[in-house]
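Inspection log for the structure reproduced underneath, given as structure tokens.
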Amino acid sequence: MAAICVFCASSRTLDQRWLDLAAETGAELARRGHTLVSGGGCVGMMGAVAAGARAAGGRTVGVIPQALVDLEVADLASDELLVTDTMASRKTLMIEKSDAFLTLPGGLGTLDELFEVWTTATLAMHAKPMVLIDTDGFYRPLLDWLDSLADQRFLKPAGLRLLTVAPTVRDALDALESRLT
């Protein structure tokens, strides 16, 4: 099956519902036979998605910069843990190792990763599917703003359509899988 990269928060202070969503995502990826590619952290949603995947028998690949390994937040239980020099090289390697991208709720780092893969897709540097899970309208304000960018011609509608938005994990994975075949 596919190597699916999941972008999500690594905060240690999140509500349990976000950790549960991440664990559910990892488990569903594993049940469907996919490999999880993540940011290689063991905390927050990032740790929960990897633990969920492994608990359901899935394979995990973590990609983490040395600076975060030094902070002792690396997911040492990963089946494969790749250590990079910088955050930029981490993103590059995550993109190279992945067949598709799934974005869960997150903050600046998550948005940075989403926009990196989305921008490179709009430039035809890859054609890998990208799905954003908009649980409980988490991303609705951002999506509304992006629609306004298209309305003002700062963003081409075709670029906006490269990102699929789904309300649930199942819907998101169905969308990714339909684009992978």
Side-chain angles (χ1 to χ4, degrees), residues 1-32 34-121 125-126 128-136 138-139 141-142 163 169 172-173 176:
M1 292 307 251
I4 299 179
C5 185
V6 175
F7 301 134
C8 59
S10 60
S11 171
R12 297 174 194 245
T13 61
L14 298 173
D15 289 342
Q16 186 63 43
R17 71 184 188 126
W18 300 120
L19 301 174
D20 293 344
L21 175 66
E24 173 193 352
T25 301
E28 187 65 19
L29 280 169
R31 280 192 289 273
R32 293 181 184 219
H34 300 298
T35 295
L36 168 69
V37 177
S38 77
C42 64
V43 295
M45 292 175 74
M46 196 181 304
V49 73
R54 284 192 294 274
R59 183 174 191 291
T60 60
V61 176
V63 184
I64 190 166
Q66 183 63 52
L68 294 181
V69 173
D70 295 344
L71 291 174
E72 298 181 351
V73 295
D75 181 13
L76 300 177
S78 288
D79 294 300
E80 185 177 0
L81 187 64
L82 305 169
V83 180
T84 64
D85 292 332
T86 65
M87 291 292 279
S89 59
R90 173 202 214 182
K91 284 189 294 187
T92 299
L93 190 55
M94 290 170 76
I95 292 168
E96 289 172 2
K97 290 279 187 187
S98 302
D99 300 310
F101 304 94
L102 183 61
T103 303
L104 294 171
L108 291 177
T110 302
L111 291 172
D112 176 53
E113 292 162 337
L114 168 64
F115 282 112
E116 176 85 16
V117 296
W118 196 358
T119 299
T120 52
M125 297 174 83
H126 71 82
K128 299 174 183 182
M130 303 167 293
V131 176
L132 179 80
I133 298 182
D134 188 28
T135 301
D136 297 335
F138 181 88
Y139 282 112
L142 175 65
L163 181 69
V169 172
L173 290 175
L176 281 180

Can you see which heavy atom on S89 is nearest to which on D85, and at what distance?
-> OG-N, 3.6 Å
For the student: nearest non-hydrogen atoms of D75 and G41, plus distance = CB-O, 3.5 Å
Hey, is CD on Q16 packed in by over 12 heavy atoms from elsewhere, all under 6.0 Å?
-> yes
Using modelled atom types only, decide if a donor and an acceptor are shared between the side chain of H34 and the backbone of A2 within a distance under 3.5 Å.
-> yes
Over all atoms of both residues, closest heavy-atom pair of S10 and V43 = O-CG2, 3.3 Å
Apply salt bridge (charged side-chain N to carboxylate O under 4.0 Å, His left out) to K128 and list each qualifying residue two or more places apart in sequence or on a separate chain.
-> none
Report yes or no: does D79 contribute a side-chain atom to a donor-acceptor pair with the main-chain N or O of T60 at less than 3.5 Å?
-> yes
Is M1 atom CE crowded by more than 12 heavy atoms from other residues, nucleotides or ligands, each under 6.0 Å away?
-> yes
Closest approach of A9 to L14 (non-hydrogen atoms, all atoms of both residues) = CB-CD1, 3.8 Å
With no hydrogens and no angle check, do the side chains of R90 and T84 hold a donor and an acceptor under 3.5 Å apart?
-> no
Between the main-chain N or O of T120 and the side-chain N or O of H126, is there a donor-acceptor pair closer than 3.5 Å?
-> no
Residue set satisfying ring-ring contact (aromatic ring centres under 6.0 Å, His included) with F7, at least two apart, ordered chain then number -> F101
Taking the side chain as every heavy atom from C-beta outward, state whether P65 and T86 have any pair of such atoms under 4.5 Å apart.
-> no
With sequence neighbours excluded, what pairs up with E24 under the salt bridge (charged side-chain N to carboxylate O under 4.0 Å, His left out) test?
-> none
What heavy-atom pair brings A74 and I64 nearest, and what distance separates the two atoms?
-> CA-CD1, 3.7 Å
Nearest atoms (heavy-atom pairs only) where A30 meets A53 = CB-O, 3.4 Å
